[in-house]
There are 2 protein chains.
Amino acid sequence: MATLRDVARRAGVSIATVSYVLNGTRPVSPEVEARVWEAVAALQYRPNRLARGLRRKRTHVLGLIVPDNANPFFAEIARGLEDISFAHDYSLILCNSDGDPSKEQRYLGVLIEQQVDGIALVSASATPAHLTILRERGIPFVVVDRDLLGLEADCVLADNFQGGYLATWHLLNRGHRRIACITGPSDLTPSADRVRGYQKAMEEAGIEPLEVWVYRGDFRAESGYHAARFFLSLPLPIRPTAIFACNDLMAIGAMRAIGEAGLSIPQDIALVGFDDIVLASYVIPPLTTVAQPTYEMGRLAGELLLRRIQARGRPPARHLLPVRLIVRHSA
Amino acid sequence: MATLRDVARRAGVSIATVSYVLNGTRPVSPEVEARVWEAVAALQYRPNRLARGLRRKRTHVLGLIVPDNANPFFAEIARGLEDISFAHDYSLILCNSDGDPSKEQRYLGVLIEQQVDGIALVSASATPAHLTILRERGIPFVVVDRDLLGLEADCVLADNFQGGYLATWHLLNRGHRRIACITGPSDLTPSADRVRGYQKAMEEAGIEPLEVWVYRGDFRAESGYHAARFFLSLPLPIRPTAIFACNDLMAIGAMRAIGEAGLSIPQDIALVGFDDIVLASYVIPPLTTVAQPTYEMGRLAGELLLRRIQARGRPPARHLLPVRLIVRHSA
DNA sequence: TTCATGAAGTTAAACGTTTAACTTCGCGGG
DNA sequence: CCCGCGAAGTTAAACGTTTAACTTCATGAA
């Protein structure tokens, strides 16, 4: 409402002087400075960031595109990114792509029009083709969680391969040999990497996993339930004694199937999940799982983004964040 | 990069004409229109929303302040609000207050400076004092989830009272008489209303709840665990046979304590939660709980906000959304 | 006394739109 | 033949900042 002009009038100076006082961009005499601050307070003046952004060509706004903020994993990434943004006086525009590349594309357009200073995204598609629009316009961006093949850009990933390896290694260590795996949608790199970790561990143990031990799920609890029922239906000699589920939701679905079959965990079937969602520690028995530094991924993405906004020329950095095996009672 | 000016030059017309074509605000001859669109496409022109907002005094941006986006409840509200925003070509700026009134205040300032068209907030404090800043500037806003005493404004709430009543009524219906309640922090209206619902149901059944049956928790699983242990330590004649927990997290904490005590649910102790978080259906036994239309609350908040942006004069509307009792196996 | 210097202020252009007000021109009615 | 009118275009101001360039004036050195 009150503008620079109003403040200037009340303080009896030019608008330029007010601007200099507000931004501290040039020395101003003490008396004038005091008058300006008085006027600012009296008028409850607040700078208009649109006008500022228009002139400076910097908006102090970032964009974040995730598949679905209602998914706790992405929500926590968003939280981490927002914390970093706030700490640096940036605002964050949140976008939900629903994993739909065309919706993601529309959002990219909106963010560009909104003149955001940078974009973080958990991409909806597996190739970087749709990011050329950012490249062309020289907009800083960072990709999170999901890798894009052959993309030269800043990137924050959890070490999913290592996670799958650790989980499987733990089961092997407990003496299991027939270990099954419930995967996610295989075109997404996080899931694929976890499965590769599983395979690597099995291979190192000199075990060739049977094809029927690998069940393709969709990251939802329901599919874990079906997977476990399927495993339990296998003839005894090839029935798995342990299951590695590529996320906790599916692991919990599996728990239910195992419980319904009258079997107990971990005596009859051992179980390891992935993600360490809040309730992993509250199911019975508490779930052994692999924790990702989700919040940290959001923070790091923010830091990389801000750094790139400062210095665009730097070579892109790939960050592979360590995961932790959390041993509880399910394996 | 490309501006109206560039498009105008390429199409051989004035920038005004280009603007009219883009916005369809005035008739333009077919040939000219075609040339303009050609130029727009060739130059990959995208309007600068800052400039547009500055001129129009409408940014098509909304703000949302929640305590913590990493909390699935708020994350889902955010999701609902964002969906509505996107559908109406609005963008959403996300802010996390951590329940800290001063941080909330800072965010309000930022959003104002950002010239958002409206603000939705899950307020950090119980009184509407800090919202005067919005009032003074005539910025449309809507409060969600938590009521503010004596506030005249649009408002979206779940019927928490009814939820507490339903949950308790269900337990009474199953024959329970000694029913305990695990509350949340009592200064927040959602929790307080649930407790009032509990009390009302008990009263209607002619039961005066003992003071020791009401345990003050903090909405986290740990506090539910402690609450249940406390209840189980009571002498048999006054030991509760059923527990109503004001959220699912605390209910699940209670489950754990009950399990550890070697008791079974619902035979020895019945349990009802609140929220219907995803995993409520995956714990063992599946949790009977009260579901709030969380996503719907976000959507409705968005709709109210947009409506108010259109027509500021309308009297404020209070929406009390119905909750549902979901009967599973814990009670 | 003169003049370069620097401190502290002002002026005005620029950022990219929108939109009120103005121009131009062809056409039809009187 | 003149005039008014409407269609279709242009001009320029405005939105609220930032900032380069300019002005003014006191100071101190030569």
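In the text below, chain A, chain B and the rest are named by the order of the sequence lines, each starting its count at 1.
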Completion exercise
Among D/dT17, D/dG16, D/dT11, the one nearest any side-chain atom of A/Leu54 is D/dG16

Problem - B/Lys57 side chain, from C-beta outward: closest of C/dG16, D/dC15, D/dA21 - result: D/dC15

Practice task
Side chain of A/Asn23 only, please: which of C/dG9, C/dT18, D/dT18 is the nearest?
Solution key: D/dT18

Problem - Whole angstrom value for the distance that separates C1' of C/dA12 from CZ of A/Arg55 - result: 11 Å

Exercise for the section: Figure out the CG/P separation between A/Leu4 and C/dT11, and round it to whole Å. Expected result: 15 Å

Exercise for the section: Determine whether any donor atom in the side chain of A/Tyr20 lies under 3.5 Å from an acceptor atom in the base of D/dA20, or the reverse, and answer yes or no. Expected result: yes

Exercise for the section: Whole angstrom is fine here: how far is it from CZ in B/Arg46 over to P in C/dT17? Expected result: 12 Å

Fill in the blank from the handout: Rounded to whole Å, the CG-C1' distance (A/Leu50 to D/dA14) equals 15 Å

Exercise for the section: Using a 4.0 Å heavy-atom cut-off across all strands, classify B/Arg58 as base, sugar-phosphate, or nothing. Expected result: nothing

Exercise for the section: Grab the CG-P distance between A/Leu22 and D/dT17 for me, whole Å please. Expected result: 9 Å

Problem - Options D/dT11, D/dT17, C/dG9, nucleotide nearest the side-chain atoms of B/Ser14 - result: D/dT11

Exercise for the section: Could you check whether A/Ile15 gets within reach of a base, just the sugar-phosphate, or nothing at all, counting any heavy atom under 4.0 Å? Expected result: base

Practice task
Counting heavy atoms from C-beta on, name the nucleotide in D/dG16, D/dT18, C/dA20 closest to the side chain of A/Arg52.
Solution key: D/dT18

Exercise for the section: Indicate whether OP1 or OP2 belonging to D/dT10 is found under 4.0 Å from a side-chain N or O atom of B/Thr17. Expected result: yes

Exercise for the section: Whole angstrom is fine here: how far is it from CG in B/Leu43 over to P in C/dG16? Expected result: 14 Å

Problem - Proximity to the side chain of B/Arg56 - top-ranked nucleotide from D/dT19, C/dT19, C/dG16 - result: C/dT19

Practice task
Write down the distance between CZ (B/Arg9) and P (C/dG16), rounded to a whole number of angstrom.
Solution key: 12 Å

Handout entry: Earlier contact from the 5' end, DNA chain D, for A/Ala16 and B/Ser29
Key = B/Ser29

Handout entry: Any side-chain heavy-atom pair of A/Asn160 and A/Pro190 under 4.5 Å
Key = yes

Handout entry: Minimum heavy-atom distance A/Asp89-A/His60, with the two atoms named
Key = O-ND1, 2.9 Å

Practice task
Rounded off to whole Å, could you give me the CG-to-P distance for the A/Asn48 and D/dT18 pair?
Solution key: 10 Å

